[in-house]
Amino acid sequence: MLVHSKGARRAVWILFFVLFLPVFALPLLVIVAASFATSWSGALPSGPTLAHYQDIAHGDAGQALLTSVLTALAASAGALTVGTWAALAAERLGRRARRLVDGLFLLPVAVPSVVVGLSLLVAFSQPPFLLNGTPQIVIIAHTVLVTAFAYQSVTAALTRLDPAYEQSAAGLGARPGYVLWRVKLPLLLPSLTAAAGLCFALSMGELSATMMIYPPDWMPLPVQIFATTDRGSLFAGAALAVTLMAATLIVLLGVSRIRTKAAYR
Amino acid sequence: MTTAPDRPIAPPEPAPRDRNTGPRDLRGKAAAGDGRSGIRFDSVTVAYGRHGEHTVLDRLDLTVEPGEVMALLGPSGSGKTTALRAVAGFVRPVSGRVLIGGRDVTGLPPYRRGIGMVVQQYALFPHMKVAENVAFGLKAQKTPRAEIAGRVTEALEMTGMAGYAARYPRELSGGQQQRVAIARALAIRPGVLLLDEPLSALDAQLRSGMMAELARLHRELPDVSILYVTHDQVEALTLADRIAVMDRARLRDCGTPQQLYRRPRTEFTASFVGTANLLPVTVPADGADGGGRVRFGGRTLRVPAGGAAAGAGATLCVRPHLVGLGESPAADGNTLRGTITEVQWRGATHRLYVAVDGHRFMADLRELRETPALGDTVALHFAPEDAVLIPAGLTEDGARDA
């Protein structure tokens with residue numbers, strides 16, 4: 001506790017809500033409200049309707065949502081595998097090589113994602129790697145963009161992991177693969193699930209790189225939201241956005257419920 | 001490279017002290033389950049740094065006989081833990097060989113060495129129950145499934161933890177976790193048990209209980225060689241068959257606890273194994289009566305004959321608890337006089353610090369009825385046979401410089 005007196009603590013709470021509500025919570029509430037509206041000219045939206053959601057249920061938005069979820073699942077699975085593998089391998093490197101690998105994985109975050117999308121488009125538009133116009137290129141782009149987060153959170157968890165566990169396991173006659181599977185990964189599981197959730201959420205919301213590369217038959221939901229609002233259908237777009245939010249939250253809640261015995265340390 | 005061995009990495013010369021060179025070596029997976037396997041350090045050097053400039057273990061030669069408890073005793077940074085980790089395979093020597101049960105394991109990874117190891121912080125796997133922790137080594141080594149349950153129970157019973165098999169490590173106290181860690185190490189029936197400061201995380205009372213437990217375990221498993229790293233002389237004196245005293249990356253002395261305590265060969269041993277008064281003395285140049293006398297300040301002290309060259313400097317080691325108050329009752333005893341500079345009451349004993357010709361001299365006396373006052377002049381005596389003469393040359397840098 002940084003603040004001890006009761007009055008000061010209340011003041012801090014008030015400050016928190018004054019800053020938090022307008023910046024974080026209100027815009028989301030506005031979106032939810034707008035998704036049920038037909039017009040919004042006064043202070044509050046008017047003409048409550050469920051039409052936008054009915055359109056989603058019947059239109060191709062369902063397809064877009066499925067596309068987004070599949071892309072995010074594939075991208076986070078790929079990112080988690082690559083990121084964990086790289087983090088485990090980088091643990092053994094010397095300081096310089098280590099820094100190089102860290103920098104390499106940071107690159108997609110440092111480079112604007114539009115550039116990442118464009119570079120993938122250019123790179124894979126020619127044979128023998130002709131991926132332009134396929135769903136795979138979208139998944140690859142998302143994987144590249146979110147791997148950095150998987151790598152970093154696994155690296156952070158590895159540095160906190162006491163080497164005595166690994167050494168005790170090896171001393172008991174366990175081969176490195178067995179140690180990894182039975183000791184290290186279970187101990188890393190809390191970080192792995194957190195990283196998976198983060199990757200999934202980031203991929204679900206990715207727009208700028210996706211815009212550069214998506215093929216017509218693999219249009220993720222954010223792209224459709226953008227297209228819908230771009231056409232001027234603001235309230236239909238809001239309904240799509242709420243759908244995206246809800247789908248992401250449901251998956252995140254599911255991931256966070258994965259029971260991790262190691263978390264009880 | 002400053003740490004280059006001054007002799008070539010040993011050719012496979014026959015090891016005279018190694019009793020295990022026999023058909024036993026052909027048993028493939030070797031030490032695991034092998035009842036009799038000692039440890040041998042053959043000029044093992046470990047160094048860190050890009051050019052190996054930090055030597056943490058310098059040409060260690062040491063043999064732990066099968067079934068022996070060897071304590072590696074030394075202050076922190078003395079290289080004792082490094083030596084143990086070299087046996088476990090977590091550090092790789094830059095030169096020399098490590099043998100377990102006569103088998104050269106220097107190049108083997110830890111999981112192929114067949115050792116049991118217990119570390120200071122126990123390192124029980126937090127996501128496994130006690131029984132799963134103990135079964136870990138057996139499963140990792142693909143012990144037949146039918147055998148595992150019995151051996152887990154056996155190991156837990158041996159350490160008195162059979163009632164806790166279904167608990168998680170976090171539900172156990174430090175002492176209980178320690179027992180589980182020992183059970184886990186014993187379950188794989190190692191020929192060699194490595195204990196790295198196993199009791200230092202326990203409080204004093206628990207520690208003496210665990211020391212008795214370890215002694216009992218060793219009686220029950222007489223074939224297991226134990227390498228016991230500690231900085232605590234009481235643990236070493238109590239548990240070890242032999243003690244290897246280490247300091248500054250080197251082995252300084254090695255012997256039975258009684259030898260090291262009663263006949264220390266270096267000043268370091270004398271002061272690290274037990275407490276000691278170390279008096280600078282000279283051996284008379286004439287050596288007329290064939291030794292048995294040394295000069296300390298202006299006086300002559302009687303000591304056991306022999307041990308130091310005539311005319312040389314030496315150190316006289318006298319244990320504080322062998323010192324008595326008053327003039328020596330025996331005619332040939334030694335008497336020192338000085339002023340009391342400090343008195344400590346320790347319950348059963350009084351420790352007096354007495355300045356004798358500017359040297360501090362400690363005496364542990366059975367509790368005195370009247371506490372002596374500071375500044376008093378007292379006489380202290382000790383018998384010639386209770387003093388040990390440590391020759392110079394051995395004192396500065398251990399036995400190698402002799």
Side-chain angles (χ1 to χ4, degrees), chain A residues 80 84 87-100 153-154 156-196 255-265, chain B residues 29-33 50 84-85 87-91 108-129 132-143 155 167-171 180-190 192-197:
Chain A
L80 209 58
T84 306
L88 287 167
E91 211 187 2
R92 300 256 178 271
L93 291 178
R95 196 184 294 176
R96 260 180 223 194
R98 181 70 188 270
R99 224 174 266 169
L100 189 76
S153 67
V154 178
L158 274 174
T159 50
R160 286 198 311 269
L161 193 66
D162 190 342
Y165 292 123
E166 191 180 357
Q167 292 180 350
S168 293
L172 291 166
R175 291 168 177 281
Y178 193 84
V179 176
L180 180 68
W181 190 244
R182 292 297 313 276
V183 176
K184 285 186 96 172
L185 286 182
L187 291 178
L188 289 175
L189 200 57
S191 310
L192 292 179
T193 52
V255 167
S256 74
R257 289 192 67 117
I258 292 178
R259 196 162 164 274
T260 54
K261 290 188 212 165
Y264 289 110
R265 259 192 295 177
Chain B
K29 246 188 131 177
R50 183 170 298 179
L84 175 128
R85 293 170 65 81
V87 179
F90 302 137
V91 295
L108 289 185
Y111 60 89
R112 289 181 56 195
R113 296 192 177 199
I115 46 157
M117 184 165 172
V118 177
V119 295
Q120 187 181 340
Q121 66 275 37
Y122 322 137
L124 295 176
F125 306 127
H127 56 296
M128 297 181 197
K129 291 177 179 171
E132 295 170 298
N133 262 286
V134 177
F136 181 88
L138 299 172
K139 285 183 186 163
Q141 295 180 357
K142 303 210 169 62
T143 308
R167 301 247 190 130
Y168 280 101
R170 62 176 177 277
E171 299 166 339
V180 175
I182 293 170
R184 183 174 70 172
L186 290 177
I188 61 172
R189 291 184 186 153
V192 167
L193 189 59
L194 306 177
L195 304 175
D196 187 6
E197 307 252 5

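Below, chain A is the first sequence line, B the second, and so on; all start at residue 1.
Using a 4.5 Å heavy-atom cutoff, the side chains of A:S168 and B:Y122 are not in contact. Residues B:F90 and A:P163 have side chains not in contact (no heavy-atom distance under 4.5 Å, counting atoms from C-beta outward).
How far NE2 of B:H127 is from CG of A:L187: 5.0 Å, rounded to the nearest 0.5 Å. Once rounded to the nearest 0.5 Å, the distance linking CG of A:L172 with CE of B:M117 reads 10.0 Å. Here A:R182 contributes atom CZ and B:E132 contributes atom CD; the two are 7.0 Å apart, rounded to the nearest 0.5 Å. To the nearest 0.5 Å, the span separating CZ on B:F125 from NZ on A:K184 amounts to 12.0 Å.
Heavy atoms from other residues, nucleotides or ligands lying under 6.0 Å from CZ of A:R99 number 12 at most.
In this structure, the portion of B:L124 lying under 4.5 Å from any heavy atom of chain A is its backbone and not its side chain.
Listed for the A:Q167 side chain is no donor-acceptor partner under 3.5 Å among the backbone atoms of B:R85.
Nearest approach of B:Y111 to A:A174, heavy atoms of both residues: CB-O, 3.2 Å.
Ring-centre distance between B:F136 and A:Y178: below the 6.0 Å cut-off.
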